[in-house]
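Since the structure comes first, as structure tokens, the remarks are kept for the end.
Excluded from the calculations below are hydrogen atoms, water molecules and symmetry mates; all remaining heavy atoms, backbone and side chain alike, are included. One is the number of the first residue; the rest follow in order along the sequence.
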Amino acid sequence: MNKTYTVGIIGATGMVGQRFVTLLDRHPLFRPAYLLASGRSAGKTYDEAVAGKWAMTSPIPDYAKTITVLDAEQDAEKLAGKVDFVFCAVNMKKEEIKALEERYAKLEIPVVSNNSAHRFTPDVPMIIPEVNPEHLEVIAYQRKRLGTKRGFIAVKSNCSLQSYVPLLHPLKKYGIINATVCTYQAISGAGKTFETMPEIIDNVIPYIGGEEEKSEKEPLKIWGEIKNGEIIPANSPAITAQCLRVPVTDGHTAAAFVKFEQKPTKEEIVSAWKNFKGEPQLLDLPSAPKQFIHYLEEDNRPQPKLDRMTENGMAVMAGRLREDNIFDYKFIGFSHNTLRGAAGGAVLLAELLAAKGYFD
């Protein structure tokens, strides 16, 4: 891929949008040229629009500071023919997001979405690039429905799934009957910092709206198959989940319990994790971790503070694999929620789409 692609970022002033802005600084393939947000930010320079609410640890990239922010709803037509695709990470009502993303797609602007609105639209692929890249084939059917030649919508999954679904995926050959998972999710997943979410300090909040339903149902679409132009979710394995918000800046941890039809050995599980490679690794995509899954032998790992930036935050970590007296095995999973889980996962998805010619 020697081509460079001109990109827009919709929702550029939010936390995930800010992460997109930083990740695309000097990206080898993607040139961010347009930043879009709500009408409140439109007409301001990006530097002015995020003043007082820049949440990244690194400074605002120089390229972005002087870009004039456009109105995501009012200025959509201005991007037609000027961008190869857009990233989308907006804070709007679900139906409004659906309409906005379809509007861009019908303007022949492909949309790589971080939002949940279209995750269960049957002809919209929901992709973890290493797990189900074959679902991109449904885009051809989606284009027929939308009446487009270039335009389409592709989404990434919920950020918390990255902490356990990639670990379950290489083990499906042993016949996963069911799994229980409890996720301990960082405050950046809510778009918050400790300054903007003081109630989380010295506290755990045992409820995240809609999160448990996503955690139980989204894996089944990811493991589904394409039939008659739609992705039909898998019937199994059964997954039950609890999701808690914890006082951690970045990184979602999962405690997982798994029952198998054919119980593997511990050595077989660790080998399956260490040897698993997906298309991003085989294609050597710029954002892809060289080693997708890292297994840590120490009893007290993985930890958010120590492990969140493994492979630039794009690896998935596993640890504490051991037999269980109710299930067959239990283990701890971990991933960086705004890198592997959100913006970084979307950038990797876009790299995969570019490699397969979907933006051409």
**Message:** Applying salt bridge (charged side-chain N to carboxylate O under 4.0 Å, His left out) to R103 and E77, what does each step give before you reach the verdict?
**Reply:** CA-CA 9 Å; R103 181 180 169 195; E77 285 74 11; 3.0 Å; yes
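- Side-chain atoms of Y329 come within 3.5 Å of backbone atoms of K266 as a donor-acceptor pair (strictly under, hydrogens ignored).
- Distance alone, capped at 3.5 Å, is enough to place a donor-acceptor pair between the R143 side chain and the R150 backbone.
- Each salt bridge (charged side-chain N to carboxylate O under 4.0 Å, His left out) pair with one or both residues in residues 18-43, not counting sequence neighbours, would appear here, but there are none.
- Remark: E213 pairs with K217 by the salt bridge (Lys or Arg N to Asp or Glu O under 4.0 Å) rule, at least two apart or across chains.
- Counting only heavy atoms from C-beta outward, the side chains of I10 and L100 approach each other to under 4.5 Å.
- A side-chain donor-acceptor contact under 3.5 Å links E130 and Q281.
- Using a distance-only test at 3.5 Å, with no hydrogens or angles considered, no donor-acceptor pair links the side chain of H118 to the main chain of E102.
- Contact of the K221 side chain with the N132 side chain is not registered, since no non-hydrogen atoms from C-beta on lie closer than 4.5 Å.
- Ring-plane geometry between F87 and F30 is classed as perpendicular, the angle between the planes exceeding 60 degrees on a 0 to 90 degree scale with a lower cut at 30.
- Side-chain atoms of N158 and S160 include a donor-acceptor pair closer than 3.5 Å.
- Using modelled atom types, one finds no donor on one side chain facing an acceptor on the other under 3.5 Å when comparing E218 with S157.
- Atom NZ of K274 and atom CD1 of I269 lie 13.0 Å apart (nearest 0.5 Å).
- Ring planes of F331 and W273: perpendicular class, angle over 60° (limits at 30 and 60°).
- Applying the salt bridge (Lys or Arg N to Asp or Glu O under 4.0 Å) rule to K214 yields no partners; only residues at least two apart in sequence or on another chain are considered.
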Sequence neighbours excluded and cut-off under 3.5 Å, please list the side-chain donor-acceptor pairs for residues 55-66, or say none.
unit_1: D62; atom_1: OD1; unit_2: K65; atom_2: NZ; d: 3.4
unit_1: Y63; atom_1: OH; unit_2: V21; atom_2: O; d: 2.8

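- With sequence neighbours left out, E323 forms a salt bridge (Lys or Arg N to Asp or Glu O under 4.0 Å) with K263.
- Side chain of Q291 to backbone of I293: a donor-acceptor contact under 3.5 angstrom is found.
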May I have the list of side-chain donor-acceptor pairs in residues 78-85 shorter than 3.5 Å, sequence neighbours left out?
unit_1: K78; atom_1: NZ; unit_2: D75; atom_2: OD1; d: 3.4
unit_1: D84; atom_1: OD2; unit_2: T6; atom_2: N; d: 2.7

